Amino acid sequence: MNEPYFSDSQWESWADDLAENNYVILNDFLNKNLLAKLHAFLKTKLEEEEFRKAGIGSMADFTVDRAIRGDWIYWLDKIRDQEISEFYLLIDELTAQMNRLCYLGALDCEFHLAHYPKGTFYKRHLDQFKIRSNRILSVIFYVNTEWITANAGQLRVYAPNEAFVDIDPLPGRMVLLRSDIVEHEVLKTEASRYSVTGWLTKHPIGVGYLG
Ligand code: OGA
Ligand code: MN
């Protein structure tokens with residue numbers, strides 16, 4: 001058994017926040033070592049030109065529209081991407097704790113690396129697809145090694161009970177939000193913005209579940 005990253009009581013207070021606000025911001029969630037690993041892995045994949053233009057929608061309604069989102073992504077694979085196996089230990093812990101505390105019933109996950117080049121953004125949206133509604137919880141890790149507010153590129157979260165909150169993509173920070181109800185957008189960034197973004201899902205990926 002691996003040592004857990006965080007204690008049960010820490011998870012409990014984060015789960016309470018999530019239950020109350022439908023989103024939660026966790027600073028320095030990635031330790032320095034894991035942040036450095038994810039950053040280096042992302043840089044390697046960029047150099048190898050493994051990133052593709054991100055699209056919107058899923059399967060039948062998938063399209064690329066740069067007026068909606070301008071990021072480039074690289075889909076991760078837990079088996080293939082052994083260099084970041086530690087990241088998946090963290091995701092396993094997150095999934096187990098969220099299932100225990102929020103009765104999430106998450107059975108699987110899907111993650112990609114994301115690169116927003118200078119001048120790109122992602123307009124206001126919900127993460128659940130119209131024809132594939134299995135995404136339960138959105139999970140975003142910021143993996144730049146440094147970030148200043150003048151870079152902009154904030155994550156703007158529209159909470160039902162307040163207008164919006166702007167979140168700087170600070171190194172090591174994680175944001176959780178409910179995929180079905182929390183609208184959000186990425187404001188235009190003035191510098192290359194790196195993240196690992198994914199979803200805990202209800203049904204195993206690839207089963208072809210519709211609706
Ligand atoms: C997404 C998304 C937010 C962010 O990829 O769906 O909303 O802060 N990302 O990168
Ligand atoms: Mn999103």
Side-chain angles (χ1 to χ4, degrees), residues 18 21-30 35 38-39 41-42 45-46 50-59 61-76 87 91 94 106 109-160 164-202 205:
L18 180 64
N21 301 314
N22 300 319
Y23 74 93
V24 60
I25 304 166
L26 305 180
N27 294 328
D28 298 316
F29 189 82
L30 298 174
L35 173 60
L38 290 170
H39 180 84
F41 182 76
L42 185 148
K45 294 298 164 196
L46 271 181
E50 295 276 12
F51 281 65
R52 298 285 171 266
K53 278 183 186 165
I56 46 177
S58 160
M59 300 184 284
D61 67 346
F62 180 89
T63 47
V64 170
D65 185 342
R66 310 307 276 171
I68 294 180
R69 79 184 282 196
D71 59 326
W72 293 69
I73 63 174
Y74 170 81
W75 282 103
L76 295 174
F87 169 73
I91 296 306
L94 169 76
C109 64
E110 51 182 355
F111 278 90
H112 62 57
L113 308 177
H115 171 215
Y116 287 77
K118 183 177 184 322
T120 59
F121 51 81
Y122 190 166
K123 294 276 196 214
R124 183 170 175 165
H125 65 280
L126 264 186
D127 282 349
Q128 260 194 7
F129 296 121
K130 286 193 191 72
I131 59 169
R132 177 164 79 87
S133 63
N134 62 340
R135 290 177 168 179
I136 314 170
L137 190 68
S138 305
V139 185
I140 308 152
F141 300 91
Y142 299 111
V143 297
N144 280 74
T145 49
E146 52 190 29
W147 193 261
I148 53 168
T149 301
N151 290 344
Q154 291 90 351
L155 169 65
R156 176 167 288 180
V157 170
Y158 297 88
F164 58 73
V165 52
D166 285 345
I167 303 165
D168 281 327
L170 296 182
R173 177 174 264 181
M174 176 176 79
V175 177
L176 300 176
L177 49 91
R178 271 187 58 178
S179 307
D180 56 341
I181 52 171
V182 179
E183 293 191 355
H184 55 280
E185 71 178 292
V186 177
L187 303 182
K188 190 172 123 189
T189 183
E190 299 301 334
S192 269
R193 178 190 191 272
Y194 304 128
S195 58
V196 184
T197 302
W199 297 272
L200 305 191
T201 59
K202 256 192 291 203
I205 303 299

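All ligand and atom numbering here is 1-based and tracks the order in the structure. Keep in mind that what you see is a predicted model, and the values were worked out from it rather than measured.
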Considering only non-hydrogen protein atoms, determine which one is nearest to [atom] and report residue, atom name and distance to 0.1 Å.
atom                    : answer
atom 3 (C) of ligand 1  : Val186 CG2, 3.5 Å
atom 5 (O) of ligand 1  : Thr197 CG2, 3.6 Å
atom 10 (O) of ligand 1 : Arg193 NH1, 2.9 Å

Option from Trp199, Phe141, Phe51 for which ring-ring contact (aromatic ring centres under 6.0 Å, His included) with His112 holds: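 Filter result, single survivor: Trp199.
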
On the ring face of Trp72, is Arg66 found with NZ or CZ under 6.0 Å from the centre and within 45° of the axis?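 Relative to the ring axis of Trp72, which defines the angle, Arg66 lies inside both limits.
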
On the six-membered ring of Tyr116, is Arg193 placed so that its NZ or CZ lies under 6.0 angstrom from the centre and within 45° of the ring axis?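 Yes, a cation-pi geometry holds between Arg193 and Tyr116.
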
Please find out if the Mn ion (ligand 2) and some N, O or S atom of Glu185 are separated by less than 2.8 Å.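 Not a single backbone or side-chain N, O or S atom of Glu185 is under 2.8 Å from the Mn ion (ligand 2).
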
For the Mn ion (ligand 2), which N, O or S atom of [X] is at the shortest distance?
X      : answer
His184 : NE2
His125 : NE2
Asp127 : OD1

Is it true that the side chains of Trp147 and Asp168 contain a donor and an acceptor less than 3.5 Å apart?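 Side chains of Trp147 and Asp168: no pair found under 3.5 Å.
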
Side-chain heavy-atom pair Val139, Phe29 within 4.5 angstrom cut-off: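 No, their side chains stay 4.5 Å or more apart.
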
Please indicate whether any nitrogen or oxygen in [X] is less than 3.5 Å from any nitrogen or oxygen in ligand 1.
X      : value
Tyr122 : no
His112 : no
Asp127 : yes
Tyr142 : yes

